[in-house]
Trainee: 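The following block contains the structure, expressed as structure tokens.
By convention here, the first residue in the shown sequence is residue 1. This structure is a prediction, so every number in the text was calculated from the model and none was measured. When reading the values below, keep in mind they use all heavy atoms of this one structure, side chains included, and skip hydrogens, waters and symmetry mates.
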Amino acid sequence: MGLKRPRTMILHFLFIFSIVALPLQGLELFPEEVEYIRSNLTVAVGGTVTLPCGSPPPQIFIWGFTKPGTDNNVAVAFNYGHGTKVQSTSSDLGQLIIPEDTSSLQIEDVQAEAQGMFTCQALYDEEQGVRATFYFTNLSVVDEST
């Protein structure tokens with residue numbers, strides 16, 4: 001992944017965060033305070049996989065999905081501090097679930113269309129300030145029936 005995509009993701013994240021985090025006015029978040037965690041997972045079509053996004057769960061998180069060969073990151077699940085929501089438009093990836101008291105994304109009955117980059121943008125409100133972490137999970141989906 002080139003340098004352009006992480007910068008674009010940071011700008012996208014900061015824009016979304018500035019809109020949804022109005023209660024945290026006065027918040028300052030600097031690029032050097034952002035941590036990036038990358039992983040690769042493989043799952044079979046029809047299987048189940050859990051994608052990590054911090055432990056303990058962040059106060060605010062947004063899960064996005066990018067299909068291979070595109071730059072279009074689509075929100076598939078989020079929690080802006082008022083409960084978890086899963087986008088119904090993401091059903092072509094499989095059954096998406098955020099297990100209770102977590103920010104992990106569980107996908108059951110994984111579909112071939114779920115192959116791609118899942119990104120969790122996580123914000124932690126800590127005593128010393130806000131900490132942001134981006135979890136990039138490249139998901140490979142294999143068809144074991146062929």
Trainee: Would you say Glu144's side chain and Ala44's backbone share a donor-acceptor pair under 3.5 angstrom?
Mentor: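 Here the side-chain-to-backbone pair does not exist.
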
Trainee: Are Tyr124 and Ile37 in one and the same hydrophobic cluster, where Ile, Leu, Val, Met, Phe, Trp and Tyr link if side-chain heavy atoms are under 4.5 Å apart?
Mentor: yes

Trainee: Answer yes if Ile107 and Met117 sit in the same cluster of Ile, Leu, Val, Met, Phe, Trp and Tyr residues linked by side chain heavy atoms under 4.5 Å apart, and no otherwise.
Mentor: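 No, no single cluster joins them.
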
Trainee: Drop me the distance from Lys85's NZ to Ile62's CD1, to the nearest 0.5 angstrom.
Mentor: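 Rounded to the nearest 0.5 Å, the NZ-CD1 separation comes out at 14.5 Å.
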
Trainee: Checking the side chain of Gln111 only, and the main-chain atoms of Asp109 only, is there a donor and an acceptor separated by less than 3.5 Å?
Mentor: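 Present.
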
Trainee: Can you name the residues that form a side chain to side chain contact (heavy atoms under 4.5 Å, CB included) with Val43, not counting sequence neighbours?
Mentor: Val49, Val110, Leu139, Val141

Trainee: List the atom of Pro68, the atom of Gly116, and the distance in Å for their closest heavy-atom pair.
Mentor: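 Scanning both residues completely, I find the closest heavy atoms to be CD-CA, 3.8 Å.
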
Trainee: Under 4.5 Å between side-chain heavy atoms, hopping through other hydrophobics if needed: is there a path connecting Val45 to Leu93?
Mentor: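 Val45 clusters together with Leu93.
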
Trainee: Hydrophobic cluster membership, with links at side-chain heavy-atom distances under 4.5 Å among I/L/V/M/F/W/Y: are Leu41 and Ile98 in one?
Mentor: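 Yes, one cluster joins them.
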
Trainee: Are any non-hydrogen side-chain atoms of Phe61 and Gln121 less than 4.5 angstrom apart?
Mentor: no

Trainee: Side-chain contact, heavy-atom cut-off 4.5 Å: Thr48 with Gln106?
Mentor: yes

Trainee: Any heavy-atom pair between the side chains of Trp63 and Cys53 that's under 4.5 Å?
Mentor: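 Yes, close enough: below the 4.5 Å cut-off.
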
Trainee: Test Leu105 against every option in Thr50, Thr137, Leu96, Val86 by the side-chain contact (heavy atoms from CB on, under 4.5 Å) rule and name the one that passes.
Mentor: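 Result for side-chain contact (heavy atoms from CB on, under 4.5 Å) with Leu105: Leu96.
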
Trainee: Can you hop from Val130 to Phe78 via hydrophobic side chains spaced under 4.5 Å?
Mentor: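 Same hydrophobic cluster.
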
